[in-house]
Amino acid sequence: MIEYIATLPILKDLYEKPRDLTRFRQYLAEMLGENEDGELDVVVPITSANPMGREHCLDAVNKLLAVDADGVAWRALEEAAGELEMNASSARATVILLDDVAGGWTNRYTTEANWRMRRDLQAERANRKRQYIQIVCWASEAYTVERIHEEARAALYRHLWIEQNGPPETLQQVMELDGGAYAFAGRQPTLPDDELDYTREVMQPHLDNVDFPIQFAFLFGDEAAQSIGYEPQGVSAYAGFEVALYLALFENERFGKT
């Protein structure tokens, strides 16, 4: 069972207000409340959103609302839940806007790493308790109905993968998680075949590696690694994720199926 929480109208209302303390207090009031145990907790999943976002955030939210992002995501989740036989599980899902414009609120690479690699154990414990599925949209990007549908399916797959397997530890497990999610969502690799082959070859000796900086460098590529002080591994942008998707699509027997 999936409960859908529409946070885009909440963010729209916030971003239409002056950027002052009153807006921030409204953000806290919307986000926090009493959970089922009577404790103060996050009851609306907007912790990742920028409460003080500028005009570009309002513009991005309006564009998502214009394509009925909430409706598209909800229908995609219902469809995917049926395919994944999610009868015994429950979760609360939402489309959330993350502000990555000019480093405004989040570092794109580190935030995306937390979302796709799921190596932040504290965040995973909190998420497991709250059972939130965040369908991430970035303020710097444009979203079509097809893209939102894809991201919703991938988000549900990630949620169930973690529920069944726990957070990934090795590079191979991270690849299995992300590659499987986007294969289920219907995404296709865009990296040329020669780069796929090269990246796969240089990653091969490191599949059992549990070191986050090395995993990050292979998955996100040299430019991202160097931007946060990690040693580059000689691969192009997002090349490791592309290999993960290719393997999930065409060599499922290697990674197994969840």
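Nearest heavy-atom pair, Val202 versus Pro205, reported as atom, atom and distance to 0.1 Å: O-CD, 3.4 Å. Of all the heavy atoms in Ala183 and Ala248, the pair that sits closest is CB-CB, 3.9 Å. In terms of heavy-atom proximity, Ala152 sits nearest to Ala76 at CB-CB, 3.8 Å. The two atoms that bring Ala225 and Ala217 nearest to each other are CB-CB, 3.8 Å, heavy atoms only. When every heavy atom of Gly240 is checked against every heavy atom of Met203, the shortest pair comes out as CA-SD, 3.7 Å. Nearest heavy-atom pair across Ala6 and Pro9 is O-CD, 3.7 Å.
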Tell me, with the steps shown, if Leu40 and Glu34 meet side chain to side chain contact (heavy atoms under 4.5 Å, CB included). CA-CA 5 Å; Leu40 183 66; Glu34 191 174 285; over 6 Å; no

So Arg158 and Asp178, salt bridge (Lys or Arg N to Asp or Glu O under 4.0 Å) or not? Walk me through it. CA-CA 7 Å; Arg158 284 192 189 91; Asp178 193 81; 3.0 Å; yes

Salt bridge (Lys or Arg N to Asp or Glu O under 4.0 Å) evaluation trace for Arg108 with Glu141: CA-CA 12 Å; Arg108 172 62 183 260; Glu141 298 184 16; 2.7 Å; yes

Test side chain to side chain contact (heavy atoms under 4.5 Å, CB included) applied to Leu84 and Phe184, step by step: CA-CA 10 Å; Leu84 293 169; Phe184 176 71; 3.7 Å; yes

Would Phe241 and Tyr182 count as a side chain to side chain contact (heavy atoms under 4.5 Å, CB included) if you check the C-alpha gap in whole Å, the side-chain angles of each, and the deciding distance to 0.1 Å? CA-CA 10 Å; Phe241 285 123; Tyr182 278 121; over 6 Å; no

From CA spacing to verdict: side chain to side chain contact (heavy atoms under 4.5 Å, CB included), Thr170, Leu207: CA-CA 7 Å; Thr170 66; Leu207 292 178; over 6 Å; no

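To the nearest 0.5 angstrom, Thr7 atom OG1 is 4.0 Å from Ile96 atom CD1. Within the model, atoms CG of Asp211 and CZ of Phe216 stand 12.5 Å from one another, a figure rounded to the nearest 0.5 Å. Going from atom SG of Cys137 over to atom CG of Leu64 covers 5.0 Å, rounded to the nearest 0.5 Å. Rounded to the nearest 0.5 Å, atoms CD1 (Ile133) and CD1 (Ile2) are 5.0 Å apart. Note that the OG1 atom of Thr47 and the OH atom of Tyr132 stand 8.5 Å from one another [nearest 0.5 Å]. With rounding to the nearest 0.5 angstrom, the CG atom of Leu171 is 7.5 Å from the CE atom of Met117.
For residues 11-21, the set of pairs meeting the side chain to side chain donor-acceptor pair (under 3.5 Å) definition, not counting sequence neighbours, comprises Lys12-Glu16, Lys12-Asn62, Asp13-Lys17, Asp13-Gln26. For residues 213-234, the pairs satisfying side chain to side chain donor-acceptor pair (under 3.5 Å) are Arg119-Gln215, with sequence neighbours left out.
In this structure, Phe24 and Tyr27 have tilted ring planes: the angle between them lies in the 30° to 60° band. The aromatic rings of Phe218 and His206 are tilted relative to each other, their planes meeting at an angle between 30° and 60°.
Under the 4.5 Å side-chain heavy-atom criterion for Ile, Leu, Val, Met, Phe, Trp and Tyr, Leu247 and Phe250 are members of the same hydrophobic cluster. Residues Trp74 and Val145 fall within the same hydrophobic cluster, defined by Ile, Leu, Val, Met, Phe, Trp and Tyr side chains chained together at heavy-atom separations under 4.5 Å.
Figure legend: Arg116 and Tyr238 shown without cation-pi pairing, the cationic atom not lying both under 6.0 angstrom from the six-membered ring centre and within 45 degrees of its axis.
A side-chain donor-acceptor contact under 3.5 Å links Thr190 and Glu242. For the residue pair Asp100 and Ser140, a side-chain donor N or O sits within less than 3.5 Å of a side-chain acceptor on the partner.
The existence of a salt bridge linking Arg147 and Glu151 is confirmed by a sub-4.0 Å separation between a basic side-chain nitrogen and an acidic carboxylate oxygen. Between Lys129 and Glu39 there is a salt bridge, since at least one side-chain N of the basic residue sits less than 4.0 Å from a carboxylate O of the acidic one.
For Ala239, the side-chain contact (heavy atoms from CB on, under 4.5 Å) test picks out Leu191, Thr199, Val235, Ser236, with sequence neighbours left out. Under the side-chain contact (heavy atoms from CB on, under 4.5 Å) criterion, Asn114 pairs with Asp120, sequence neighbours left out.
Using a 4.5 Å heavy-atom cutoff, the side chains of Thr111 and Leu98 are in contact. Looking only at side-chain heavy atoms (C-beta outward), Glu79 and Arg75 stay at 4.5 Å or farther from each other. Using a 4.5 Å heavy-atom cutoff, the side chains of Pro45 and Gln134 are in contact. Side-chain contact check for Pro168 versus Ile162: some heavy-atom pair is nearer than 4.5 Å. Residues Glu112 and Val136 are not in side-chain contact: their nearest non-hydrogen atoms beyond the backbone lie 4.5 Å or more apart. Ile135 has its side chain out of reach of Thr94: every pair of non-hydrogen atoms, C-beta onward, lies at least 4.5 Å apart. Residues Glu3 and Gln131 form no side-chain contact, since every pair of their non-hydrogen atoms from C-beta on lies 4.5 Å or further apart.
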Atom pairs and distances, donor-acceptor, side-chain atoms in residues 52-59, under 3.5 Å, two or more places apart:
{"from": "His56", "atom 1": "NE2", "to": "Asp99", "atom 2": "OD1", "distance (Å)": "2.8"}
{"from": "His56", "atom 1": "NE2", "to": "Asp99", "atom 2": "OD2", "distance (Å)": "3.4"}
{"from": "Asp59", "atom 1": "OD2", "to": "Lys63", "atom 2": "NZ", "distance (Å)": "3.2"}

List the atom pairs, donor and acceptor, that lie under 3.5 Å between side-chain atoms in residues 65-73 and the rest of the protein, sequence neighbours left out.
{"from": "Asp68", "atom 1": "OD1", "to": "Gly71", "atom 2": "N", "distance (Å)": "3.2"}
{"from": "Asp70", "atom 1": "OD1", "to": "Tyr4", "atom 2": "OH", "distance (Å)": "2.6"}

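Asp41 contributes no side-chain N or O that, together with a main-chain N or O of Val43, makes up a donor-acceptor pair within less than 3.5 Å. Using modelled atom types, no side-chain atom of Arg153 and backbone atom of Leu77 make a donor-acceptor pair closer than 3.5 Å.
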